[in-house]
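Fair warning: this is a prediction, and the values are worked out from it, not measured in the lab. In this chain, numbering begins with 1 at the start of the sequence shown.
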Amino acid sequence: MAGRLSRETGQDTLWRQGVGCVLPGRWRNRAKYCQARRKGGSPALAFSCLWLLLASQAEAKGTEYPLQYGEAPENGAVALELTEAAGEYTVADGDCLWTIAEKLWGDGGRYSELALANRETVKNPDLIYPGMVLQTAQKGYLVRTDAGRGGIGMGEYAMDMPSGWTVGYLESGEAFANFAMSGEGKIACLIRDKEAGTVRSVEDWEACAERIRQYAEENYKDSVQDLKFEHYRMKGQEEVYLYSYVYEMDMQEYGMEGSYGWNICVGMKLTGHIQAEFVGTSLANYDIHGSVRYVTASFEEHYKEGDEGAFTVNDSNMAISPAVEWELSGMFNPFPWAEEYFDALARRAIGTKQGSAGEKQIKK
């Protein structure tokens, strides 16, 4: 059975700041400095000081996890193979495979990949016609840089963790996650039994993505920017879904000018019996999108024959809250969580105890 978790997971071994950020020991003095400055400083100084504290965690660039297209990595590198679930391009006047590859991927030299993927349609790579529909789904590889470090294993499942990160919990206002990875960014984890509603929600991913887009537009029009979606298949036909956006905070509400932006990426992988969901956040100088994709893709289920009827991961109390229902049945709704997390973070920094939960209705 999976180990039980609590909101205090990891507190004995990790230094925890009051806003729920798990900080390595080397930042303790800076945290105390910021707390001291907040006591008598202006709201702008207080928040700027907290911002400096959080940014300090990402001063080192850290390990990043780009999706590498083309040939599989060599030199014995362990890699995860992801194939885009869909993609089409209609040939226009003046196109050739080189210009199409350059337009799609920024590298005309990858025209041979287009030719190979469309060999049933394109008999001669030098001869294509306007109106032809080419399949453009790409195959990419994530090098498992941290596979040899052991990652996180919980009996029924395992997953990699970005290099140098730690495990703890996050808490800010009414928002918390009792199992989270922390490093240059934060990744809140939610592992549970696969729900039939989730399978129905993502059955048509394009329609699902449109519903997420509409929800964000209706409820977070001024704060959710640059919303993007991805869908991959892995060996064994396991599905990986991601969407990312920038969460813009209007600082006038907190007595300051301008805005602050946070990168957010949501990942979900469906295995035979489990749905693993991840919500990652970071400042703009770190690729949280790549880290969430890496963790999500690395997740694997350890189901054994004979476990029928007994296999479950719901006996752990892993949770992310607030868990606000929305029309996408079975899927965690990250938007209210992010709103509460960052709103409470800002209000704590400037000394205002009341956060978003007490001032505005959480959107459903």
Does this structure show an ion pair linking [X] with [Y], if we count only N-O contacts that are shorter than 4.0 Å?
X: R347; Y: E253; result: yes
X: E210; Y: R213; result: yes
X: R192; Y: E277; result: yes
X: E84; Y: K139; result: no
X: K269; Y: E239; result: no
X: R233; Y: E238; result: no

Check this for me: Q225, atom CD, are more than 12 non-hydrogen atoms of other residues, nucleotides or ligands nearer than 6.0 Å?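 Check passes, neighbour count above 12.
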
Take atom CZ of F229 as the centre, draw a 6.0 Å sphere, and report whether it contains more than 12 heavy atoms from other residues, nucleotides or ligands. yes

Evaluation steps, side-chain hydrogen bond (donor to acceptor under 3.5 Å, both in side chains), between Y215 and N333: CA-CA 10 Å; Y215 177 88; N333 181 355; 2.9 Å; yes

So which atom in [X] and which in [Y] form the shortest heavy-atom distance, rounded to 0.1 Å?
X: M331; Y: W326; answer: O-NE1, 2.9 Å
X: V143; Y: P73; answer: CG2-CG, 3.9 Å
X: A188; Y: I320; answer: CB-CD1, 3.8 Å

Give a yes or no on whether [X] and [Y] share a hydrophobic cluster (residues Ile, Leu, Val, Met, Phe, Trp, Tyr; joining criterion: side-chain heavy atoms under 4.5 Å apart).
X: I191; Y: M154; result: yes
X: Y89; Y: Y129; result: yes
X: L80; Y: Y141; result: no
X: Y111; Y: L127; result: yes
X: V246; Y: L345; result: no

To the nearest 0.5 Å, tell me how far [X] [atom1] sits from [Y] [atom2].
X: E102; Y: D95; atom1: CD; atom2: CG; answer: 11.5 Å
X: T121; Y: M132; atom1: OG1; atom2: CE; answer: 6.0 Å
X: R293; Y: S298; atom1: CZ; atom2: OG; answer: 12.5 Å
X: L227; Y: I212; atom1: CG; atom2: CD1; answer: 7.5 Å
X: H302; Y: F311; atom1: NE2; atom2: CZ; answer: 9.0 Å
X: L97; Y: S112; atom1: CG; atom2: OG; answer: 9.5 Å

Side-chain donor-acceptor pair present, [X], [Y], cut-off under 3.5 Å:
X: E230; Y: Y232; value: yes
X: S291; Y: Y286; value: yes
X: D343; Y: Y254; value: yes

So do [Y] and [X] actually touch side chain to side chain, heavy atoms under 4.5 Å?
X: M268; Y: V202; answer: yes
X: D250; Y: D222; answer: no
X: I152; Y: C189; answer: no
X: N178; Y: M318; answer: yes
X: T296; Y: Y241; answer: no
X: T281; Y: I288; answer: no
X: L134; Y: V122; answer: yes
X: L190; Y: F332; answer: yes

Using the ring of each side chain (for Trp, its six-membered ring), is [X] parallel, tilted or perpendicular to [Y], with breaks at 30° and 60°?
X: W337; Y: Y341; answer: parallel
X: W262; Y: F342; answer: parallel
X: Y243; Y: F335; answer: parallel

Using a 3.5 Å distance criterion without hydrogens, assess whether the side chain of [X] forms a donor-acceptor pair with backbone atoms of [Y].
X: K123; Y: E120; result: yes
X: E88; Y: Q135; result: no
X: E301; Y: H273; result: yes
X: R211; Y: C208; result: no
X: K194; Y: T271; result: yes
X: N314; Y: D193; result: yes
X: E195; Y: I274; result: no
X: N263; Y: S282; result: no
X: S172; Y: A175; result: no
X: D160; Y: Y294; result: no

Under the criterion side-chain hydrogen bond (donor to acceptor under 3.5 Å, both in side chains), I'd like the reasoning laid out for Y65 against D287: C-alpha separation, chi angles, the key distance, then a yes or no. CA-CA 8 Å; Y65 304 90; D287 180 23; over 6 Å; no

Quick one, S259 with E248, criterion side-chain hydrogen bond (donor to acceptor under 3.5 Å, both in side chains). Give me CA distance, side-chain angles, the key distance, then yes/no. CA-CA 6 Å; S259 63; E248 290 281 349; 3.2 Å; yes

Test side chain to side chain contact (heavy atoms under 4.5 Å, CB included) on M161 and M159 and set out the steps. CA-CA 7 Å; M161 183 167 65; M159 54 188 158; over 6 Å; no

Using the ring pair (Phe, Tyr, Trp, His ring centres under 6.0 Å) rule, take Y169 and F176 through it: C-alpha gap first, then chi angles, then the decisive distance, then the call. CA-CA 7 Å; Y169 73 104; F176 82 94; 8.2 Å; no

